Number of protein chains: 2
Amino acid sequence: MNEAAPAGTQVVAPLKRETFSDRIAADLRRAIISGEIEAGDQLREIELAARFGVSRGPLREALGLLASEGLVVSVPYTGTRVLKLTAKDVREIYTMRTCLESLAFKEIWNSRSEAFATELEARHKKLLGTQQLSDHVASSEAEVSLHSLVYEFCGHTLLHESWLRIAGRLQFYLAVHQRAHGRTAPIDDAHERYVQLALGDSLDRMLDEIEAHMQRGIVQMEDYLDG
Amino acid sequence: MNEAAPAGTQVVAPLKRETFSDRIAADLRRAIISGEIEAGDQLREIELAARFGVSRGPLREALGLLASEGLVVSVPYTGTRVLKLTAKDVREIYTMRTCLESLAFKEIWNSRSEAFATELEARHKKLLGTQQLSDHVASSEAEVSLHSLVYEFCGHTLLHESWLRIAGRLQFYLAVHQRAHGRTAPIDDAHERYVQLALGDSLDRMLDEIEAHMQRGIVQMEDYLDG
DNA sequence: AATTGTATAATTGTTGACAATCTTACAATA
DNA sequence: TATTGTAAGATTGTCAACAATTATACAATT
């Protein structure tokens with residue numbers, strides 16, 4: 001092999017040109033989260049290619065992206081289906097979140113900016129708005145967006161990337177769960193407390209809140225499965 | 001309230017048929033980690049397709065897999081190049097490892113099996129062997145394999161998956177680093193201590209060791225960059 | 001009725017050709 | 001000299017047809 005790039009030149013913000021597969025992956029993601037395509041459904045390549053007006057090549061690439069996010073699972077020569085979440089899956093999502101989000105707050109704690117605070121409150125307000133409108137999809141998106149903030153600001157690229165890889169599954173679960181419940185109203189003031197502590201002055205209390213927040217999420221899921 | 005065996009058809013070990021892209025991805029991974037393809041090199045699809053005797057379709061899929069592992073980075077219409085690790089990248093890998101491996105040990109601690117202990121010592125012995133042979137590739141693989149064990153045994157699928165997604169980058173770094181150093185001999189008895197504590201009876205001491213282990217890794221990397 | 005074998009259909013895996021985009025070299029211009 | 005425009009080449013993106021594999025229906029057999 002040959003030819004590395006010149007040592008000095010640093011690639012900055014490649015300004016990625018959008019390719020078909022990106023748009024298709026986004027559309028499919030939306031369709032899955034909104035419930036238009038249900039959990040367990042098979043995603044047929046020919047059918048979807050026709051629907052999006054492309055050939056199977058780019059479509060396969062889009063499915064590959066979704067598979068890397070865990071939203072679909074594909075078996076060679078058999079097909080790819082929309083993820084069917086189990087209770088174990090959800091528990092794992094929450095324990096992972098505890099771990100990742102704690103690290104994110106540790107990383108950002110001593111350099112929380114004004115912009116961070118502003119944006120955090122903006123996203124919180126947006127979440128409250130969607131909850132009042134009973135818009136399940138927008139609500140799940142807003143909740144994920146609220147929690148995404150710390151990953152976006154903490155400056156830890158790998159951590160942010162790891163978060164993005166499970167954020168889709170979380171949003172999928174939240175949307176499904178809320179649809180099943182038939183409500184989007186918050187069960188308590190958890191997010192108020194979350195925002196307040198995130199802007200407060202005790203990292204330890206924030207970390208405790210994260211753990212408690214996730215634990216409540218697990219309990220809520222298990223209650224739902226029992227009821 | 002736990003555990004599986006739900007009604008309905010359960011997917012049992014799909015026995016994945018191997019497809020071209022899997023084998024190609026594995027071969028490319030090996031070539032990248034061994035240094036046959038150097039960091040920063042461009043991976044040309046036509047050239048690689050010819051080398052592996054396939055068309056560009058499966059090859060592109062293989063590149064997609066490597067991209068999802070972070071071993072290569074691709075820009076639309078421009079190409080995909082082998083990852084060039086920065087000091088920041090390496091620091092992030094180690095802080096992520098601290099976070100993930102701690103969770104893994106918390107999960108497994110009270111259910112460590114006899115098989116776990118046996119396999120841990122087996123992999124440790126294998127690591128020592130490769131280090132004496134000064135085989136950089138095998139040594140980096142053995143070291144990653146040693147640390148992989150806890151993820152394989154802890155029963156946390158999502159955690160394991162997250163680990164696999166950074167394990168390739170870690171092995172890549174270890175191999176590059178060891179080649180640059182020209183040695184594979186351990187700098188201290190870190191792995192002895194790691195194994196001993198992993199089989200010991202204090203989770204807290206194990207967690208401390210993980211943190212220290214990763215911190216040493218970062219320091220070692222920074223020393224190398226300065227020297 | 002349950003099981004097994006076989007032909008058929010449906011679906012994914014793979015290929016080679018063509019289109020779109022980027023990179024490079026180089027001449028024209030100020 | 002430095003800059004800009006342009007054309008050629010190289011590389012990736014996309015497509016439509018073909019091959020390999022799996023799933024289904026159904027008859028034959030026990």
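Model, not experiment: these values are computed from the prediction. In the text below, chain A, chain B and the rest are named by the order of the sequence lines, each starting its count at 1.
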How many Å lie between [atom1] on [X] and [atom2] on [N], as a whole number?
| X | N | atom1 | atom2 | answer |
| --- | --- | --- | --- | --- |
| Glu61(A) | dG13(D) | CD | P | 7 Å |
| Leu65(B) | dG13(C) | CG | P | 12 Å |
| Leu59(B) | dT11(D) | CG | C1' | 13 Å |
| Glu45(B) | dT14(D) | CD | C1' | 12 Å |
| Leu48(B) | dT11(D) | CG | P | 11 Å |
| Ile46(A) | dA10(C) | CD1 | P | 10 Å |
| Phe20(A) | dT12(D) | CZ | P | 18 Å |
| Glu18(A) | dT12(D) | CD | C1' | 16 Å |

Tyr94(A) backbone acceptor or donor facing Thr98(A) side chain under 3.5 Å: yes
Side-chain donor/acceptor of Ser145(B) to backbone N/O of Glu141(B), under 3.5 Å: no
Polar-atom pairs under 3.5 Å, protein N or O versus N or O of nucleotides 17-23 of chain D: list them with distances, or write none.
unit_1, atom_1, unit_2, atom_2, d
dT21(D), OP1, Arg17(B), NH2, 3.1

Side chains of Val82(B) and Glu38(B) in contact at under 4.5 Å (non-hydrogen atoms): no
Thr86(A): partners by side chain to side chain donor-acceptor pair (under 3.5 Å), with sequence neighbours left out: Asp89(A)
Dot-bracket line, read 5' to 3' along DNA chain D, where crossing pairs take [ ] and | marks a partner on another strand, Watson-Crick or G-U under 3.5 Å: ||||||||||||||||||||||||||||||
Sugar-phosphate, base or nothing in reach of Leu63(A), heavy atoms under 4.0 Å: nothing
Sugar-phosphate only, base, or nothing, as touched by Gly57(A) at under 4.0 Å among non-hydrogen atoms: nothing
From dT12(C), dT14(D), dT12(D), nucleotide with atom closest to Arg44(B) side chain: dT12(D)
Residue Lys88(B) excluded, over 12 heavy atoms near NZ under 6.0 Å: yes
Plane angle bin for His191(B) and His213(B) - parallel if under 30°, tilted between 30 and 60°, otherwise perpendicular: tilted
Using a cut-off of less than 4.0 Å, is there contact between a side-chain N or O of [X] and OP1 or OP2 of [N]?
| X | N | value |
| --- | --- | --- |
| Ser55(B) | dA17(C) | no |
| Arg60(A) | dT12(C) | no |
| Gln42(B) | dA10(D) | no |

When rounded to the nearest 0.5 angstrom, what distance separates [atom1] in [X] from [atom2] in [Y]?
| X | Y | atom1 | atom2 | answer |
| --- | --- | --- | --- | --- |
| Leu66(A) | Ser74(A) | CG | OG | 10.5 Å |
| Leu85(B) | Tyr173(B) | CG | OH | 9.0 Å |
| Leu164(A) | Glu152(A) | CG | CD | 8.0 Å |
| Leu28(A) | Leu63(A) | CG | CG | 6.5 Å |

Whichever of Thr80(A) and Val54(B) has its nearest DNA chain C nucleotide further upstream toward 5': Thr80(A)
